[in-house]
Protein chains: 2
Amino acid sequence: MAMGVAGRGGYHHGDLRQAMIEAAEAVLAEKGVDGFTLRECARRAGVSPAAPAHHFGNLVGLLTAVATLGFDELSNAMEAAVAEAVATGGDRLAAIADAYLAVALARPGRFRVIFGRLGLKHGDEALARAAVRAFGILVRETKLALGRQEEGALLTRLPSSFSADADLGTILFVWSLTHGFSTMLVDGQLSPFEAQPGGRERLLKLYSEQLVQLLVSAVRQRRSDIGA
Amino acid sequence: MAMGVAGRGGYHHGDLRQAMIEAAEAVLAEKGVDGFTLRECARRAGVSPAAPAHHFGNLVGLLTAVATLGFDELSNAMEAAVAEAVATGGDRLAAIADAYLAVALARPGRFRVIFGRLGLKHGDEALARAAVRAFGILVRETKLALGRQEEGALLTRLPSSFSADADLGTILFVWSLTHGFSTMLVDGQLSPFEAQPGGRERLLKLYSEQLVQLLVSAVRQRRSDIGA
DNA sequence: GCGCTATCTTGACGCCGTCAAGTTCAATTT
DNA sequence: AAATTGAACTTGACGGCGTCAAGATAGCGC
């Protein structure tokens, strides 16, 4: 039935699932999302091309697993950023945006898998859970920034309802801004600017200092608009 | 050398380049960016798989041509939106953001080709020109919103220099927001919300009414911050 | 009306994802 | 401790992909 623990013996791998995921991450890091092949991953794991089928079903299944882990790491990074912001007195929402960006830049290939819609397993349960968790953090913090943490609980199910269009609007605002900048940086849309004096650092500095400041002030204004 | 006009005779196609581009658009619309193949496009154009090579070099060349046309359409849509805003007295920057979104939603497959970085021809001259034009519109309008249209001329060369970090910061802000929302909508990131009562229309309404309003007020604030 | 040369076809190559059938072997059962 | 079982993996093959080299075709300038 199930095999022992791990290690790489002879016929049976031991922990092929984990090995495939690691290989996938490596390939994504080296060759990006283009040039990513199932066979290459299998090769690196020292296994035949058909072996992964049993663990992931097919290529999409493997990518789905990678994306799920990516969401987890994103969630962890955001939570850590919030914790640090609390400790240092920084802005929580700004810290989240920075963490989001940092994760995207640290592993652009994986970021593309998560959000590029190469085609992930539509109904995958683990993926949905991981995505909801990450998104829930954003929702929670945005509401908190708007001054209505309410129960302040973590989302455990789907997007849940929003108390008002205003909440949803603000969330879209924050997320669009963060995601848009990350995406453009990862996809090289901003490379002309990175070629200018100051390079990428200048962009990141502008983003971190000015954009986020704008974001915060906009949310503040929004809050007063609403009259919370 | 060059053949006559067009039409589909026998051995020679007549205008294969155009036919391939149209076929590519059709495939992108039907099957999306996954499931897009050069052979399928050639099939639709009624031509052998190797025929397109002479016109586009390879698959990347075809996608590059498609992306170039996409940039042109984006530019035209944005300019038209600005013209209409001028006529109706609406906000020009908001009109641009709406046009950007509309183009993305009208042809999501092509939008993905343009911005998804399936790998376009790096140094392609026509592509670069088209991209610079589209981007130049955004820059021009942002500067104008900031109260410094200066020469007000269209960009003809690369991103040019920016008078200050403030300008660049604002442009990043506007573009990130617009691109982020468009991308998430196209890539289905917001589909959970679209499943909620109100559907996609609610999101678009929120975006158009509230986010853009926020954007404008933020830019206004930015302008006063700068002290223009 | 004759070549020139761009255009398109043919055929082949290697790589891809996936499937069906066979092989191995750890864990459980007897 | 030996047999069994069934998950894990291999082998071999299939069709489809992008691309290349070599040959066929035909519009255009001379």
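Throughout, a chain's letter reflects where its sequence line sits, starting with A, and its residues are numbered from 1.
A close approach under 4.0 Å does not occur between any side-chain nitrogen or oxygen of B/His55 and OP1 or OP2 of C/dA6. Considering only side-chain N and O atoms, A/Asn58 lies under 4.0 angstrom from the phosphate OP1 or OP2 of C/dT18.
Here the nucleotide nearest the side chain of A/Leu16, chosen from C/dT18, C/dC8, D/dC9, is D/dC9. For B/Ser48, the listed nucleotide lying nearest its side chain is C/dT9; candidates were C/dC8, C/dT9, D/dA8.
Annotation: A/Tyr100 is not in aromatic contact with A/Phe181 [ring centroid separation under 6.0 Å not met].
Ranked by how close their nearest DNA chain D nucleotide is to the 5' end, A/Pro49 and A/His54 are led by A/His54. Each of A/Ala50 and A/Glu40 was matched to the nucleotide of DNA chain C holding its nearest heavy atom; the match closer to the 5' end belongs to A/Glu40.
As a whole-Å value, the separation of A/Leu62 CG from C/dG17 P is 10 Å. One interatomic measurement links the two molecules: CG of A/Leu59 to C1' of C/dC19, which rounds to 15 Å at whole-angstrom precision. With rounding to whole Å, B/Asp15 atom CG is found 15 Å from D/dG27 atom P. As rounded to whole Å, 16 Å separates atom C1' of C/dC16 from atom CG of B/Leu38. Distance CG (B/Asp34) to P (C/dC16): 18 Å, rounded to an integer number of Å. Remark: P of C/dT7 and CE of B/Met20 are 14 Å apart, rounded to the nearest angstrom. Atom NE2 in B/His12 sits roughly 8 Å away from atom P in C/dT7 (whole-Å rounding). In this entry the distance linking OH of B/Tyr11 with C1' of C/dT5 reads 13 Å, nearest Å.
Checked for salt-bridge contact, B/Arg44 and B/Glu25 miss the test: no charged N lies under 4.0 Å from a carboxylate O. For the pair B/Arg202 and B/Glu194, the salt-bridge criterion is not met [side-chain N within less than 4.0 Å of a carboxylate O]. Using a 4.0 Å cut-off between charged side-chain N and carboxylate O, B/Arg140 and B/Glu79 make a salt bridge.
Counting any heavy atom pair closer than 4.0 Å across all strands shown, B/Arg43 reaches sugar-phosphate atoms only and no base atom. Across all strands, A/Thr37 comes closer than 4.0 Å only to sugar-phosphate atoms, never to a base (heavy-atom distances).
Using cut-offs of 30° and 60° on the angle between ring planes, the pair A/Phe111 and A/His179 is tilted.
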